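Before any comments, here is the structure.
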Amino acid sequence: MPVEIDIAKVAALARIALSDEELAAYGAQLGVILEHAERVQALPTDDVEPTSHPLPLVNAFRPDEVWPSLDRDDVLSQAPDTVDGYYRVPQILDGP
Amino acid sequence: MTDLADLSIADAGRGLRDGEFTAQELLDATWRRAAVTEAHLHAYLVLDREGARRSAARADEELAAGTDRGPLHGIPVAVKDNLSTRGVETTCASQILAGYTPPYDATAVERLRDAGAVIVGKTNLDEFAMGSSTENSAYGPTRNPWDTDRVPGGSSGGSAAAVAAGSAFAALGSDTGGSIRQPAALTGLVGAKPTYGLVSRYGLVAFASSLDQIGPLARSVPDAVDVLSAIAGWDRHDATSYPGDVPEMGRSLDAGVQGVRIGVVTELMGEGIAPEVLAATASTIERLAAAGAEIVDVSMPSTEYALSAYYLIAPAECSSNLARFDGVRYGLRVDGGTVEEMMARTRAEGFGPEVIRRILLGTYALSAGYYDAFYGQAQKVRTLVRRDFAAAYEQVDVLVSPTSPTTAFRIGERSDDPIAMYYSDVCTIPSNLAGDPAVSVPVALDGTGLPIGFQVMAPQLGEEMMFRVAAEVERSAGFSFRAPLATSEVVEP
């Protein structure tokens, strides 16, 4: 059985603006993929710790040395919109 | 006389040092080949003619002055377009990064330059490395030089097609679930995914950070070892890079397999694998036995769940990593009234269907109420896969299997069926989940003349033994076929 999901909610969480037709198509595809992925639930795993990473790295320390960062103008040159050395986006707060 | 573009890295290096030809002549041979093959293949997204010319000229000057940077000095190589190259457009084959020109080199790219390699261009891929056919490129598919109606595999399909066709001597790819090994198998190349952390991921545009590794695609095992040796090693820019000494990878290539214990993964030797692939795998194993290896059947019961776990873990990590493409710092922006509208429209327009599918899948698997049942459970299955490998490596030195369940499929054949496409990676995914190295070596052609790859897997940092067995596989197979497109007189279409 394909898995039923609230695809509109998932698309909103993922910040992807999709039409109703696109939502229906992706919803159906994901249902089928998740039906296969659900197989992982068939295995007994009560005593199994999850693995999030292949190496047993707990923390990585480095010497406290200063080295140069990327040049700010180089980095900002790739942005769609900048002002005074900052990224510019549509207004996010109401004006005074 | 052999076309310079077809030489091995070792032979090209010898010729350079003996003064038979120059690095600029090697590069010219590469351009001549690309001029013919690119019209058929579309292996490259960008050819960096000016940068490559400068590198080749510098290599000639250095070699003439007695400065020798090692086996890659003066050798033309290609780089997958999800690796950042300073001043050279890097799009990951996505519209969302159209025009993006990184302000820095990936560490693997920097190390290639330090080794004197001549970087000729950026190769095509499935968008953000998500796919197994290179059909998911926003800039059009790459074709297989063995049969241009077929895919070269993916996601490093551009790198594979370029090296197989002779428009690069070797190339870098990235492998998250098989994206180096599967295209290598489908194009008759050697492709290696090293131990997780052996190569820095700094500057690799992240897909699934706990699985991604950079590695070589090459025309022989020694060529692959040369490239991997040049890029491996700890990097201060990647806290997950391996801090110890890099294993000696090429030391035992001539040692043979007398007494080496080789495990055959029984779960990967039956249902779902094409009969001709199974037969070629079985004869390769027989040749290893004849060369003195001890062959053992090994069962890894978690293997059949690994694919399902991967298609939860990789999308989950991808949904998080690709959140950075929001129209603010680089690439495409589609205007919207609010910040959220701008971001959501930018992402809808900039990402292709497979990337959107995986972001949605990962977002779902990580969302409240479903996390434990999907992502959490997949991480536990990952532990079971690691346990199966650990148990197997108590009995054997390496494990072997087919690399890909089939040879190259036709363009369009699987593009409407994500599940069939995902199954392409069934043999390669377990090594990514475990963080182990694995390599594909070409061993035979099928009845239609398409290459078949054989996979050798080893425990973490077991590269020396892995390449030792791979070299015996290569010798005993005597695979000396070249892609028809690289060997015949081809005309502009």
Side-chain angles (χ1 to χ4, degrees), chain A residues 3 5-7 9-19 22-23 25-27 29-30 32-43 45-55 57 59-63 65 67 70-71 73-81 87-92, chain B residues 100-101 103-104 196-197 210 236 239-240 242-243 302 305 308-309 311-312 319 323 326-333 335-345 347-348 351 356-357 359-361 363-365 367 373-374 376-384 386 418-419 422 433-435 460:
Chain A
V3 177
I5 65 176
D6 182 350
I7 189 70
K9 182 183 170 196
V10 174
L13 285 172
R15 302 285 187 273
I16 302 178
L18 298 174
S19 68
E22 289 169 325
L23 285 174
Y26 282 117
Q29 288 169 347
L30 257 59
V32 175
I33 296 167
L34 285 166
E35 184 183 356
H36 285 257
E38 251 181 348
R39 288 161 47 85
V40 296
Q41 292 162 11
L43 282 174
T45 53
D46 288 347
D47 61 336
V48 179
E49 288 293 311
T51 295
S52 59
H53 200 273
L55 299 182
L57 295 173
N59 220 332
F61 293 100
R62 63 165 176 82
E65 291 164 358
W67 69 68
L70 295 174
D71 180 81
D73 289 338
D74 275 0
V75 171
L76 286 173
S77 73
Q78 297 303 314
D81 196 8
Y87 297 113
R88 178 152 63 184
V89 296
Q91 188 173 339
I92 55 170
Chain B
Y100 171 62
T101 307
Y104 67 102
Y196 183 90
S210 81
R236 69 179 184 184
T240 63
Y242 174 67
S302 66
Y305 301 95
S308 297
Y311 276 99
L312 292 167
S319 73
D326 56 8
V328 175
R329 285 157 295 174
Y330 22 62
L332 181 74
R333 173 182 291 189
D335 287 331
T338 65
V339 166
E340 284 212 355
E341 276 172 24
M342 180 277 283
M343 291 178 176
R345 286 179 191 171
R347 289 161 65 79
F351 290 136
I356 290 178
R357 195 148 45 230
I359 291 174
L360 294 174
L361 186 56
T363 303
Y364 175 78
S367 62
F374 286 101
Q377 184 67 11
Q379 286 187 308
K380 291 180 176 181
V381 172
R382 188 172 187 181
T383 304
L384 297 178
R386 287 164 57 85
I419 298 289
Y422 296 171
L433 291 174
Q460 287 186 6

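This is a predicted model, so every value here is computed, not measured. Below, chains carry the letters A, B, ... as their sequence lines are ordered, and counting in each starts from 1.
Of the listed residues L55(A), D74(A), D6(A), L13(A), the one with more heavy-atom pairs under 4.5 angstrom with chain B than any other is L55(A). When the candidates M342(B), R236(B), M343(B), Q460(B) are compared by the number of heavy-atom contacts under 4.5 Å with chain A, R236(B) comes out ahead. Chain B forms more heavy-atom pairs under 4.5 Å with one residue of N59(A), V32(A), L34(A) than with any other, namely L34(A). Between chain B and the options P63(A), S52(A), A11(A), heavy-atom pairs under 4.5 Å are most frequent for S52(A). The candidate from G435(B), P418(B), A348(B) with the greatest count of non-hydrogen atom pairs under 4.5 Å with chain A is A348(B). Taking V10(A), L76(A), I5(A) one by one and counting their heavy-atom pairs under 4.5 Å with chain B, the maximum is reached by V10(A). Residue with the most contacts toward chain B among A12(A), A37(A), P54(A), A25(A): P54(A) (heavy-atom pairs, distance under 4.5 Å). With respect to chain A, the highest number of heavy-atom pairs below 4.5 Å among Y330(B), F374(B), F351(B), Y196(B) belongs to Y196(B).
Within the 4.5 angstrom heavy-atom criterion, only side-chain atoms of I419(B), from C-beta onward, approach chain A. For a residue to count as touching a neighbouring chain, one of its non-hydrogen atoms must lie under 4.5 Å from one of that chain's; by this rule L360(B) touches chain A with backbone and side chain alike. Heavy atoms closer than 4.5 Å to chain A are found nowhere in S319(B), neither backbone nor side chain. Proximity to chain B (any heavy atom under 4.5 Å) is restricted, for Q29(A), to the side chain, taken from C-beta onward. Proximity to chain A (any heavy atom under 4.5 Å) is restricted, for Y422(B), to the side chain, taken from C-beta onward. When heavy atoms are compared at a cutoff of 4.5 Å, I7(A) approaches chain B solely by way of its side chain, counted from C-beta outward. The contact between A309(B) and chain A is made by backbone and side chain atoms together, counting heavy-atom distances below 4.5 Å. Contact of I33(A) with chain B is made through backbone and side chain together, with heavy-atom distances under 4.5 Å. Residue contact with chain A, scored on non-hydrogen atoms closer than 4.5 Å, involves the backbone and the side chain of T240(B) alike.
Between the side chain of Q41(A) and the backbone N or O of A373(B) there is at least one donor-acceptor pair closer than 3.5 Å. Side-chain atoms of R88(A) never come within 3.5 Å of backbone atoms of D81(A) as a donor-acceptor pair (strictly under, hydrogens ignored). Looking at Q78(A), its side chain does come within 3.5 Å of a backbone N or O of T101(B) through a donor-acceptor pair. Between the side chain of R329(B) and the backbone N or O of Y87(A) there is no donor-acceptor pair closer than 3.5 Å. Listed for the Q377(B) side chain is no donor-acceptor partner under 3.5 Å among the backbone atoms of A42(A). Of the possible polar contacts, none joining the R39(A) side chain to the Y305(B) backbone as a donor-acceptor pair under 3.5 Å is found.
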Subject >> Steps toward side-chain contact (heavy atoms from CB on, under 4.5 Å) verdict (R382(B), S210(B)) >> reply: CA-CA 11 Å; R382(B) 188 172 187 181; S210(B) 81; 2.8 Å; yes

**OP:** Would you check, one step at a time, whether the test side-chain contact (heavy atoms from CB on, under 4.5 Å) holds for E22(A) with I356(B)?
**Re:** CA-CA 11 Å; E22(A) 289 169 325; I356(B) 290 178; over 6 Å; no

**OP:** List the steps and the verdict of side-chain contact (heavy atoms from CB on, under 4.5 Å) for D326(B) and R15(A).
**Re:** CA-CA 9 Å; D326(B) 56 8; R15(A) 302 285 187 273; over 6 Å; no

Original post:
Between R386(B) and L433(B), is a side-chain contact (heavy atoms from CB on, under 4.5 Å) present by the stated rule, with each step listed?
Top reply: CA-CA 7 Å; R386(B) 287 164 57 85; L433(B) 291 174; over 6 Å; no

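Within a 6.0 Å sphere centred on CD of E341(B), heavy atoms belonging to other residues, nucleotides or ligands number more than 12.
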